[in-house]
Amino acid sequence: MTAGHGSSQGLPALERVLWLREEIARHDYLYYVLDAPQIPDAAYDALLRELGELEAQHPDWIIPESPTQRVGGKASAEFGTVIHTEPMLSLANAFTDDEVIAFDRRVREAIGENAPEYAAELKFDGLAVALRYEAGTLVQAATRGDGSAGEDVTANVRTIRAVPLRLTVPQEVAPLVLEVRGEVLMLRADFDRLNARQRSLGEREFVNPRNAAAGSLRQLDPGITASRPLRFFAYGIGQVDPATGTSLPQTHLAMLNWLVTLGLPVGSHRRAIATPAGLLEFWRETLSQRHLFPYEIDGVVYKLNRRDWQTRAGWLARAPRWAIAHKFPAEEMLTVLQDITVQVGRTGAITPVAKLRPVFVGGVTVSNATLHNEDEILRKNLWIGDTVIVRRAGDVIPEVLRSLQQSRPADARPFVMPSHCPVCGSSVEREADGAIWRCVGGLFCGAQRRQALLHFAQRRALDIEGLGEKVVDQLVERGLVKTPADLFRLTQSELIPIFRAKNPAEESRAATNLLQAIQAAKQTRLERFVFALGIRHVGQEVARILAMEYGDLDPMIGEDWNNLIVRKTIIQKDNQRRRNHGEALQAVPLEGIGTEIMDSLGRFFAEPHNLGVIAALRASGVQWPVQQPVALSSVQSIGQTGPSAAGGETIFEPLPLQALTIVITGRLPTLGRDQAADMARAAGAKVASSVSKRTSWVLAGEDAGSKLPRAIELGVPIIDESEFLRRINHG
DNA sequence: GATCCTCGAGTTCC
DNA sequence: CTCGAGGATC
């Protein structure tokens, strides 16, 4: 009879707790993995409640893997960073049958096998995450981030009931380390219910299940995540310990089956396919069933099934060569073209814009779409009032494809290009055979002045942080700013009313910040300044060439541009002759800058108003380091025809990327794209903006666009950032 | 004059 | 990202 209180009552209770935990995990498995629940939700909730009550009586029995511990955890100030030991790669995309057939051909060539088998599965439209299990217990969850490092979302992922906190194998035989990769998403039905709840609470609704899932997973308070109905589906593995690695299933599909046995949900629509025709058939079949799946999918994925062949096929920059995502076509929707308005751009270009009855397409609501120019409207035969087909081209920009002529209403009317600028009333003109109408108002036109200011302040120009559309509109409206030079005369008291806020301290802080940003922008570089001026045909590239060749602004202003046009034309004609005769060529001034651009420069610098603005800017303290003019044109390729540099007193150390032309695409893991471009140029390379057969190689990062398939098509080598850095450092 | 390669300019939604 | 147009070359 000694103190039996704890043990006599405790032991059966402990057994009950252990049994409840196992039972709940079993029902989670039945529900989320096998999609075959055996008990009603109410019975499941009763089990969970009973467990909670027992644990409340015996807090020392609580373990982190208990299903009651999914909810809760405390909110954090920010997410930690997780480095992915094995980078989380993205997949190359295919949009057409031909691209899939080309993929199959490349795979067969790469592995030297004629009839490889593929695993075909769904491409979930959610967020990629990596789950790390150690000895069978979930220890960490991370988002993909940029592929090499993501955010630590462990507390949030633990609340997702489809994610097992323990793998369903005895601890002794569980893998030491197993990183499971998959997608977190929200079912369409759950999404609808969540939005209904948000509506009734007066909270903001989510635009689509993907955004809802992303927003829910990135909550700093895991309690909120717990209240959101998230799901998880595994589709692959990342890091594993060496022992597990050697005993993994041999094929991708077998590995997915193995993940199921570990208690992980895997999409059920998957199969082995032997031929490219079979892949295309799978795609068509899945597309036709798209709306039967309870979640959103944006395509299907094909992977080489045998894992040893995957290794043999290898990796290409940041995507595996042995897998491809075959995307579904952009969704097309019908809506009404309610009106066509026009916008006035920086150069006065009048651009017609379609005003659409808002339509939900490709995951967002679209109400505007550019129509490019008048000819485009005529070509597509669009009338105001027409029913039109809209889609999101690529993955972002809305596009009006065509109108349904048969349903044109009686009161439909054609678009008429306005004869006068809608903003300033100046006349609107179009060059002889140009496609674009322009307002001739120049800086008299408010729209052009506004755009000129925005251009001046933009990141690639003087980079004035905080000077965006709203502020510029206010400044122009209040008559505080007419030219860029006026920006540097602004005072604190003038700015305060612009940042009208409830709290006066906020106002003055915002004003101070803007003044500081303007102050900081005074110290700039010549190429930025020349670009910022907004001279017609002078973009970043031309501004760079000019800055290099002239070293300072005054020689540009002083240049006799009309004369240079004539001189350059003569030299080019003469070079033409020399080329035919095999003679050495003369250096051409300002390579890449022809008659039109020079004419534009000449007219800009001849305008007293422009010179006045430039003078005022410099007087306000805008300055740049003056460089030694570099005669770019004299060192470029023309000298190579003969053995010219024979005598050789001056031996130039060749730069590591000398004479290469490279193209940069996608998001690089550590470098900014501009940063990488500067490094490449410093190393002697030319950085081009599009891929051609003359491109030496393409530096590709995450989410590379159309340049990557183009590079593959042209057989241009593709490298990633680390290889890029190696080449820069070691030549 | 034709062709290929680039760059400039404009753009949507959150 | 896409289209239009400038520039170089044959």
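All chains are named by letter (A, B, ...) in the order of the sequence lines, taking the proteins before the strands, and each is independently numbered beginning at 1. Being a predicted model, the structure only gives us computed values, none of them experimental.
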So does A:T595 get a side-chain nitrogen or oxygen closer than 4.0 Å to the phosphate oxygens (OP1/OP2) of C:dG7? yes

Go through B:dC13, B:dC7, C:dA8 for me and flag the one nearest to the A:V366 side chain. B:dC13

Measure CZ/A:R577 against C1'/C:dC10 and give the value in whole Å, please. 17 Å

Distance in angstrom units between A:W437 CH2 and C:dG4 P, rounded: 17 Å

Minimum-distance nucleotide to A:T370 side chain [options: C:dT9, B:dC13, B:dT11]: B:dT11

Give a yes/no answer on whether the side chain of A:R579 brings an N or O atom under 4.0 Å of OP1 or OP2 in C:dC10. yes

Tell me which donor-acceptor pairs under 3.5 Å the side chains of residues 527-537 of chain A have, and how far apart each pair is, sequence neighbours excluded?
from	atom 1	to	atom 2	distance (Å)
A:R528	NH1	A:R459	O	2.9
A:R528	NH1	A:A461	O	2.6
A:R536	NH2	A:E431	OE2	3.4

Would you kindly give the CD-to-C1' distance between A:E591 and C:dT9, to the nearest whole Å? 11 Å

When the nearest nucleotide of DNA chain B is assigned to A:R346 and to A:V353 on a heavy-atom basis, which residue is associated with the more 5' position? A:R346

Need one value for A:E376: base, sugar-phosphate or nothing, where a base atom within 4.0 Å counts as base even if backbone is also close, heavy atoms only. nothing

I want to check one thing: is the phosphate of B:dG8, taken as OP1 and OP2, less than 4.0 Å away from some side-chain N or O of A:T347? no

Would you mind reading off the distance between A:Q451 atom CD and B:dT11 atom C1', rounded to a whole angstrom? 11 Å

Find the distance A:Q576:CD to C:dC10:P and express it as a whole number of Å. 7 Å

Between P of B:dC13 and CG of A:L356, the distance in whole Å: 9 Å

Counterpart residues, side chain to side chain donor-acceptor pair (under 3.5 Å), relative to A:E374 (two or more places apart): A:W437

Euclidean distance, atom CD of residue A:E596 to atom C1' of C:dG7 [Å, nearest integer]: 10 Å

Proximal nucleotide (of B:dC13, C:dA8, C:dG6) relative to the A:I597 side chain: C:dG6

Closest approach to the side chain of A:S367, judged atom by atom: which nucleotide of B:dC13, C:dG6, C:dA8 is it? B:dC13

Side chain of A:N373 only, please: which of C:dG4, B:dT12, C:dG7 is the nearest? C:dG4

Is there a side-chain polar atom (N or O) of A:K573 under 4.0 Å from OP1 or OP2 of C:dT9? no

Would you say A:Q572 places a side-chain N or O within less than 4.0 Å of OP1 or OP2 belonging to C:dA8? yes

Between A:Q343 and A:Q540, who's closer to the 5' end of DNA chain B by nearest nucleotide? A:Q540

Please name all residues satisfying ring-ring contact (aromatic ring centres under 6.0 Å, His included) with A:F103, sequence neighbours left out, ordered by chain then number. A:Y118

I need the CD1-P distance between A:I436 and B:dA9, as an integer number of Å. 10 Å

Check: protein-nucleotides 4-6 of chain B nitrogen or oxygen pairs below 3.5 Å:
from	atom 1	to	atom 2	distance (Å)
B:dT6	OP2	A:S692	OG	3.0

Residues A:D375, A:R430: salt bridge by 4.0 Å N-O rule: yes

What residues, two or more places apart in sequence or in another chain, satisfy side chain to side chain donor-acceptor pair (under 3.5 Å) together with A:E296? none

Residues forming a side chain to side chain contact (heavy atoms under 4.5 Å, CB included) with A:T370, sequence neighbours excluded: A:T351, A:H372

Centroid-centroid under 6.0 Å between A:F191 and A:F206 rings: no

Among the nucleotides C:dG7, B:dT12, C:dC10, which one has an atom lying closest to any side-chain atom of A:N368? B:dT12

I need the single residue from A:Q572, A:K573, A:R578, A:R579 that forms a side chain to side chain donor-acceptor pair (under 3.5 Å) with A:Q576. Which is it? A:R579

